[in-house]
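Every number for a ligand or one of its atoms is a count from 1 in the order of the listing.
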Amino acid sequence: MALIKVAINGYGTIGKRVADAVDAQDDMEVVGVSKTGPSFGCELAARKGFPLYCTTDESARIASFSSGGYECRGGLSDLLAIADIVVDCAPGKMGADNLSKYTAAGVKHVFQGGEKHSLTGLSYSSNANHAENLDADGTRVVSCNTTGLSRTLVPLYEHCGSLKVECTMIRRAADPGDSNKGPINAIKPVLKVPSHHGFDLMTVKPEIEINSLAVAVPTTLMHVHTIIADLPEGHGLTTESVIEMWRGTPRVVVMHGERHRLTTTAEVMEMARDIGRKWGDLHEIFVWEDGVKLVDDRLYYFQAIHQESDVIPENIDCIRALMGTEPDWRVSVAKTDRAISDYYDL
Ligand code: NAD
């Protein structure tokens, strides 16, 4: 079968990771990545053998790449002309502008969580609604936080048949490579209450009733969620069986904080660097085993999210959904993860 031709528009934090993940699969290939102008990202793309394009069609901008010594193959239109599908990894809220270009070029498109659900009217999370996205023209992979909620709450919902959730998202202020975001010495609550994060889960799993609050804290490593889920009567679960359920859930890793000496996000990310994945990424959602407790019908737990990487494998599954090449989300997830994590299976 012909390889799926994937374009990456915006080769930044998410785009460079998606490009490597696509490159690792045997059913798709990177036909090009785009940058706004000459920068080290162009050097990185060249070293990895990814053809470089400009994010616009302006000839002066395209020509500017040569001043940095980079070969630019053309503008966005040239890139779209050779692609089956584009993964939009531009900074959030640029989607509307880019969507019209993708539609005009007749190319399928995957947006990221910085865009609103209303942009395409469809959102994606591998374990929540892969089937709903099959053969669609365009969608949005939900944010890193929403992906984290989906990973642990969807299996719980599927066991229980209903679920009411309250959660607080303790969000990293910036990614490690950002130098213009904050706060650096404050805790900043999201004063729009409830925050949008909980509602965002309902774009992929509307059956889960969920509300959230959010605060940003001065750290760059991970987000942490504190979650309280009310299970319906007769759920038949215990603390231990919930933990076992998550152990058997793809892209969730359950480890013991005290026993493994992984009691903070700093230690969790050190472990992620130790296992040697690219960029020290942790695609899995990390659940502290000793922080899970079911009291009567109320479940309490914490989870940590590596914001730069949990959505990367989701983008790969999403490409297969839109291209209609793999209808079974579990098959896609297993294939994706084998290709990007085979050297260390947590
Ligand atoms: P980034 O700023 O690291 O990278 C964006 C890239 O897009 C840069 O290379 C930039 O030069 C390029 N770009 C600028 N203007 C462009 C345009 N008009 N068209 C195409 N590309 C353009 O941003 P990021 O963190 O990779 O975020 C990308 C998307 O992923 C956003 O929607 C964001 O909300 C979402 N997201 C980010 C994270 C995270 O933790 N960084 C996690 C999940 C989802």
Please list, in number order, the atoms of ligand 1 under 4.0 Å from a heavy atom of Thr55. 19 (N), 20 (C), 21 (N), 22 (C)
Part of Ile14 within contact of ligand 1 (heavy atoms, under 4.0 Å): both
Any nitrogen or oxygen of Glu115, side chain or backbone, less than 3.5 Å from one on ligand 1? no
Check this for me - ligand 1, Gly113, N or O atoms closer than 3.5 angstrom, yes or no? no
Contact partition for Phe111 relative to ligand 1, non-hydrogen atoms under 4.0 Å: neither
Counting heavy atoms only, which part of Arg17 comes closer than 4.0 Å to ligand 1: side chain, backbone, both or neither? neither
Tell me whether Tyr70 at atom OH has more than 12 heavy atoms from other residues, nucleotides or ligands lying less than 6.0 Å away. yes
Which residue from Gly10, Gly114, Gly37 reaches closest to atom 21 (N) of ligand 1 through any of its heavy atoms? Gly10
What are the atoms of ligand 1, with element, lying closer than 4.0 Å to any heavy atom of Cys89? 5 (C), 6 (C), 7 (O), 28 (C)
Residue part near ligand 1, for Ala90, under 4.0 Å between non-hydrogen atoms: both
For atom 3 (O) of ligand 1, what's the nearest protein heavy-atom neighbour? Residue, atom name and distance, please. Thr13 OG1, 2.7 Å
Applying the side chain to side chain donor-acceptor pair (under 3.5 Å) criterion to Arg320, which one of Glu326, Gln25, His130 satisfies it? Gln25
Test your reading of the structure: does Lys35 have an N or O sitting under 3.5 Å from an N or O of ligand 1? yes
Proximal atoms of ligand 1 relative to Arg172 (non-hydrogen, under 4.0 Å): 39 (C), 40 (O)
Side chain, backbone, both or neither: Met94 near ligand 1, heavy atoms under 4.0 Å: side chain
Closest protein heavy atom to atom 13 (N) of ligand 1, given as residue, atom name and distance to 0.1 Å: Pro91 CD, 3.5 Å
